[in-house]
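What you see is a predicted model; the values in this text were computed from it and never measured.
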Amino acid sequence: MQGYIIWTQSQKNEDLIVRVLTSEEIKTLYRFYGARHSIVHIGRKIDFIQESNGVFMPKLRQVLHVGFKWERDVARVYVWQRFMELLHYHLRDIFALDARYMEILDEGAKRLEVQNPKRVALEMYAKILHHEGRNPLTMRCLICEQYLDKEPLPSTLDSDMLASKSPESKAVESIDKNMEIAILRGFLSAHKVCASGQILTYAKLESYLSSASTIELSDDEVERAYQVLLLGM
Ligand SMILES: [Zn+2]
């Protein structure tokens, strides 16, 4: 069986508890003397056997490292490991999974060989959003609820007044997409004056989220979007 190590926790005697994402589930396994084995590291793809006696936590046995060439590049490994930490936290209460998560990681691991690692991480995340049916793109400011291309509403207005002052809904096409907006955790949007966050234009954010591609983002914009990703999935 194969999977990616998305989390490890040290136990006594250099033992480790290891969470492994496979194409069917996230397994929580026990590895004796795991800390001594360089293979058992967050981010690694492994081939392994699960051994259960029905009493204790199943054991991780016969571990083989399924290596990638980019694992010799510290900068790539660092981005990959940070992504695994975010993914582990996002899936912390999940056990059963469908195969798409493993596919997304496999595709990403392959592309990491040649592409900017932060672009790969951002694109993997957008694919996860698509898969989970989540779309953070909104035309209204998360904080004041006014349209993003309109002046923010004064913060003194209470929610009843806010509702009555808000214009009727409008089509996405009618939004000025060149406006700069503040991007908050989870790629939610706000007016620049309503919240502090990384700045992108609405058009760039829309392009990234809808196509799951960073092709229209400059390296500088990728860096800003990557900082948003690091806030959490
Ligand atoms: Zn606002």
Q81 and H41: side-chain donor and acceptor closer than 3.5 Å?
no
Nearest atoms (heavy-atom pairs only) where L184 meets A190:
CD1-CB, 4.0 Å
Salt bridge check: are R100 and E103 linked by an N-O gap of less than 4.0 Å?
yes
Please check: side-chain N/O of D149 versus main-chain N/O of D176, any donor-acceptor pairing under 3.5 Å?
yes
M139 side, atom CE; Y147 side, atom OH - distance, nearest 0.5 Å
5.0 Å
In terms of hydrophobic clustering (I, L, V, M, F, W, Y; side-chain heavy atoms under 4.5 Å; direct or indirect links), are M57 and W7 co-clustered?
yes
Hey, any chance I215 and V222 share a hydrophobic cluster, counting ILVMFWY side chains that come within less than 4.5 Å of each other, even indirectly?
no
A side-chain contact here means heavy atoms from C-beta on lying under 4.5 Å apart; do I104 and I128 qualify?
yes
In short, I143 meets A195 closest at the heavy-atom pair CG1-CB, 4.0 Å
Given salt bridge (charged side-chain N to carboxylate O under 4.0 Å, His left out), test R19 with E25 step by step and report yes or no.
CA-CA 10 Å; R19 287 190 91 206; E25 58 183 334; over 6 Å; no
What distance do C144 atom SG and K150 atom NZ have between them, rounded to the nearest 0.5 Å?
12.0 Å
Among residues at least two apart in sequence or on other chains, which ones pass side chain to side chain contact (heavy atoms under 4.5 Å, CB included) with S52?
Q50, P58
If I compare all heavy atoms of P152 with all of C194, which pair ends up nearest, and what's the gap?
CB-SG, 3.6 Å
According to the salt bridge (charged side-chain N to carboxylate O under 4.0 Å, His left out) rule, which pairs have a member within residues 74-89, sequence neighbours left out?
D73-R76, R82-E85
Just to verify, what does F32 make a side chain to side chain contact (heavy atoms under 4.5 Å, CB included) with, not counting sequence neighbours?
D15, Y30, K59
With side chains defined as the heavy atoms from C-beta onward, is the minimum distance between V120 and F83 less than 4.5 Å?
no
Compare all side-chain heavy atoms of D98 with those of H131 and state whether any distance is below 4.5 angstrom.
yes
Sorted by chain and residue number, the side chain to side chain contact (heavy atoms under 4.5 Å, CB included) partners of D47 (sequence neighbours excluded) come out as Q2, L64, V66
Distance, nearest 0.5 Å, that separates CD1 of I26 from CE of M102:
12.0 Å
Determine, step by step, whether Y125 and F187 satisfy the ring-ring contact (aromatic ring centres under 6.0 Å, His included) criterion, reporting the C-alpha distance in whole Å, the side-chain angles of both residues, the deciding distance to 0.1 Å, and the verdict.
CA-CA 11 Å; Y125 176 60; F187 290 88; 5.8 Å; yes
Give the intermediate values and the outcome of side-chain contact (heavy atoms from CB on, under 4.5 Å) for residues L87 and L105.
CA-CA 10 Å; L87 185 62; L105 293 181; 4.0 Å; yes
Closest approach of A225 to L200 (non-hydrogen atoms, all atoms of both residues):
CB-CD1, 4.5 Å
Applying salt bridge (charged side-chain N to carboxylate O under 4.0 Å, His left out) to R134 and not counting sequence neighbours gives E132
What one should report as the nearest heavy-atom pair of H130 and S210 is CE1-O, 3.2 Å
Report yes if the side chains of R31 and Q11 come closer than 4.5 Å at any heavy-atom pair, otherwise no.
no
As an exercise, state the distance from CD1 of I183 to CG of L231, rounded to the nearest 0.5 Å.
11.5 Å
Answer yes or no: is there a side-chain heavy-atom contact under 4.5 Å between I42 and I6?
no
Co-membership, hydrophobic cluster, residues Y89 and I94, 4.5 Å side-chain:
no
Who are the side chain to side chain contact (heavy atoms under 4.5 Å, CB included) partners of K12, not counting sequence neighbours?
none
When rounded to the nearest 0.5 angstrom, what distance separates CD in E216 from OG in S207?
3.5 Å
Is the side chain of W70 donor-acceptor paired with the backbone N or O of V77 at a distance under 3.5 Å, no angle test?
no
Y4 vs F68 aromatic rings, parallel, tilted or perpendicular, using cut-offs 30° and 60°?
parallel
Within-4.5 Å side-chain heavy-atom neighbours: M124 and W80:
yes
Share the residues that join V63 in a hydrophobic cluster, the rule being Ile, Leu, Val, Met, Phe, Trp or Tyr side chains under 4.5 Å apart at the heavy-atom level.
M1, I5, L16, V18, V20, L29, I39, V40, I46, F48, L60
Name all pairs fulfilling the side-chain hydrogen bond (donor to acceptor under 3.5 Å, both in side chains) condition that reach into residues 219-233, sequence neighbours left out, sorted by first residue then second.
K118-E223, R119-D219, K204-E221, S218-E221, D220-R224, E223-Q227
Set of residues satisfying side chain to side chain donor-acceptor pair (under 3.5 Å) with respect to E24, sequence neighbours excluded:
none
I181 side chain reached by T201 side chain, heavy atoms, under 4.5 Å
no
Heavy-atom closest contact (D106 atom, K45 atom, distance):
OD1-NZ, 3.0 Å
With sequence neighbours excluded, tell me which residues meet salt bridge (charged side-chain N to carboxylate O under 4.0 Å, His left out) with E51.
R61
Taking the side chain as every heavy atom from C-beta outward, state whether L209 and L205 have any atom pair closer than 4.5 Å.
yes
Under the side-chain hydrogen bond (donor to acceptor under 3.5 Å, both in side chains) definition, can you give me all pairs with a residue in residues 181-196, not counting sequence neighbours?
E180-K192
Any residue meeting side chain to side chain donor-acceptor pair (under 3.5 Å) with R111, in chain and number order, not counting sequence neighbours
Q115, E123
Spatial distance of atom CE (M179) from atom CD1 (I199) [nearest 0.5 Å]
12.0 Å
